[in-house]
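The next block holds one structure in the form of structure tokens; read it before the comments.
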Protein chains: 2
Amino acid sequence: MTPRRTALVAAAARLFAERGYHGTSMADLAEALGVQKGSLYSLTESKQALLVDVTRDGAAAFGRALDSVPDEAEPLERLRRALRAHLEVVAGQLHAATVFTREWRFLEEPELTAFRVERRRYEERWRALFREASERGALRSDLDVEAAVLLVLSAANWAYTWLRPGADTASLADRFFAILLDGVRGYAPPRS
Amino acid sequence: MTPRRTALVAAAARLFAERGYHGTSMADLAEALGVQKGSLYSLTESKQALLVDVTRDGAAAFGRALDSVPDEAEPLERLRRALRAHLEVVAGQLHAATVFTREWRFLEEPELTAFRVERRRYEERWRALFREASERGALRSDLDVEAAVLLVLSAANWAYTWLRPGADTASLADRFFAILLDGVRGYAPPRS
DNA sequence: CCTACCGATCGGTAGG
DNA sequence: CCTACCGATCGGTAGG
């Protein structure tokens with residue numbers, strides 16, 4: 001990947017995030033790079049190919065985030081680290097994360113199907129983290145694991161709308177996690 | 001509002017949700033209604049005006065949802081009812097809710113600013129529900145209320161991506177709420 | 001509600 | 001990387 005192409009993919013990430021895939025023209029991208037529109041086609045074969053590249057960058061970053069969670073840590077600590085890592089990708093690569101979360105649906109086949117498979121794999125990794133925690137007794141025995149996974153993924157997937165790059169992301173993740181752990185209620189929950 | 005115009009706004013909600021605002025052409029809308037493109041302009045003055053209508057419908061529905069929460073109920077019950085009502089709007093008016101949540105950013109001024117004001121007002125109503133619960137002693141005294149509001153709004157705002165109209169929405173809302181209340185941890189949380 | 005049309009812009013290409 | 005261009009489509013309008 002040449003520096004020029006890298007710059008083009010970065011510009012695509014930014015503009016697709018800001019204006020949407022269909023709201024961004026090749027002329028917009030050319031202007032962002034300071035070249036004429038026709039010149040872009042020596043760097044990419046199509047606008048769609050740029051969307052493929054940006055969504056792949058996002059998927060790879062989120063995948064690496066979960067890879068960074070240490071296997072040997074305790075189950076709840078692994079969950080906390082996973083949430084931190086996810087939110088750090090959102091804050092650190094906000095444009096790619098935004099396109100990954102919101103613009104992926106404009107992918108064309110076969111990449112559209114491949115994207116869905118990849119995203120499902122990512123969600124399964126989260127489910128596995130919860131199941132592992134459950135089997136090792138770290139979670140309430142009556143926990144609705146599916147709802148818990150959906151809740152944490154909702155927080156993770158919505159974060160691109162409010163998380164700003166300068167924020168103390170680790171601390172924010174921990175604040176979320178604290179509520180996820182113990183809830184909001186003002187007295188000890190009834191034991192089953 | 002004539003029946004024909006209502007049908008046009010409904011078609012716009014569906015297509016803007018499915019293909020995005022910029023991914024939907026006036027020709028697409030005409031085809032959905034079975035008329036020629038030029039005929040649409042007796043029903044709306046522009047494509048942008050349709051986006052304004054759909055986002056207003058969404059805002060009104062979410063507003064009515066919070067209105068439906070009984071004032072006299074207990075604080076936690078009010079929160080539970082609010083989450084239910086919000087998710088029922090998402091499931092019951094999925095297209096308008098999707099456009100409200102994802103396509104609003106293509107509004108032009110002055111409606112763009114008005115939308116942001118309205119949405120902030122909605123979020124403030126949620127914050128007020130939490131504050132009320134806190135003041136009445138229904139929440140943990142050490143609760144991070146801001147994080148709690150953000151967590152529940154994340155779940156609410158992400159719901160359009162997975163909630164399907166046929167689902168048992170009330171039950172789903174209660175499953176979320178149960179986790180929000182008591183958390184996922186497998187033992188009683190330490191009291192402060 | 002239709003036909004016929006407007007100028008502008010779209011993604012992309014050819015040839016240099 | 002540029003100029004010049006392609007056919008297709010865009011949102012919107014005029015006149016009926």
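Every chain is numbered from 1, with letters handed out A, B, ... down the list of sequences.
Taking atom CD of A:Glu45 as the reference point, atom P of C:dT13 lies 9 Å away to the nearest angstrom. Here C:dG11 presents its P atom at 12 Å from CD of A:Gln48, a figure rounded to the nearest Å. The distance from atom CG of A:Leu8 to atom P of D:dC1 is 10 Å, rounded to the nearest whole Å. Summarising the geometry, the separation between CG on B:Leu50 and P on D:dC10 is reported as 15 Å, rounded to the nearest angstrom. D:dG11 atom C1' lies 16 Å from atom NE2 of A:His22, rounded to whole Å. With rounding to whole Å, B:Asp28 atom CG is found 16 Å from D:dG12 atom C1'. When rounded to the nearest whole Å, the span between CG of A:Leu15 and C1' of C:dC10 equals 16 Å. In this entry the distance linking CG of B:Leu29 with P of C:dC1 reads 14 Å, nearest Å.
Among residues two or more places apart in sequence or in another chain, the side-chain hydrogen bond (donor to acceptor under 3.5 Å, both in side chains) test is passed with B:Gln36 by none. Here A:His95 pairs with nothing under the ring pair (Phe, Tyr, Trp, His ring centres under 6.0 Å) rule; sequence neighbours left out. Under the rule for a ring pair (Phe, Tyr, Trp, His ring centres under 6.0 Å), the partners of B:Phe100 that lie at least two apart in sequence or sit in another chain are B:Phe62, B:Phe115. Partners of B:Asp71 according to the side-chain hydrogen bond (donor to acceptor under 3.5 Å, both in side chains) rule, which considers only residues two or more places apart in sequence or in another chain, are B:Arg78.
Distance from the side chain of B:Ser42 is smallest for C:dC1 among the nucleotides C:dG11, D:dC1, C:dC1. Listed nucleotides D:dT13, C:dG12, D:dC10 differ in distance to B:Ala27; the shortest reach to its side chain belongs to D:dC10.
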Check: Could you spell out the base pairing of DNA chain C in dot-bracket, with Watson-Crick or G-U pairs whose two distances are under 3.5 Å, [ ] crossing and | to another strand?
Finding: ||||||||||||||||
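A donor-acceptor pair under 3.5 Å is formed between the side chain of A:Tyr21 and the backbone N or O of A:Gln48. The closest donor-acceptor contact from the side chain of A:Thr44 to the backbone of A:Tyr41 lies at 3.5 Å or more, if one exists at all. Proximity of a side-chain donor or acceptor of A:Thr169 to a complementary backbone N or O of A:Ala91 within less than 3.5 Å is not detected.
Side-chain contact annotation: A:Ser25 with A:Asp28, donor-acceptor N/O pair under 3.5 Å present.
Regarding contacts with the backbone of D:dT13, every side-chain N or O of B:Tyr41 stays at 4.0 angstrom or more from both OP1 and OP2.
Of the inter-residue distances, the one linking A:Phe177 atom CZ with A:Leu79 atom CG reads 5.0 Å to the nearest 0.5 angstrom.
Among the protein residues, A:Thr24 comes within range of the sugar-phosphate backbone only, with heavy atoms under 4.0 Å from sugar or phosphate atoms but none that close to a base.
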Kindly give the atom pairs (protein nitrogen or oxygen, nucleotide nitrogen or oxygen) under 3.5 Å for nucleotides 2-9 of chain C.
unit_1	atom_1	unit_2	atom_2	d
C:dC2	OP2	B:Gln36	N	2.7
C:dC2	OP2	B:Ser39	OG	2.8

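Of the two residues near DNA chain D, A:Arg4 and B:Lys47, the one whose nearest nucleotide lies more 5' is A:Arg4.
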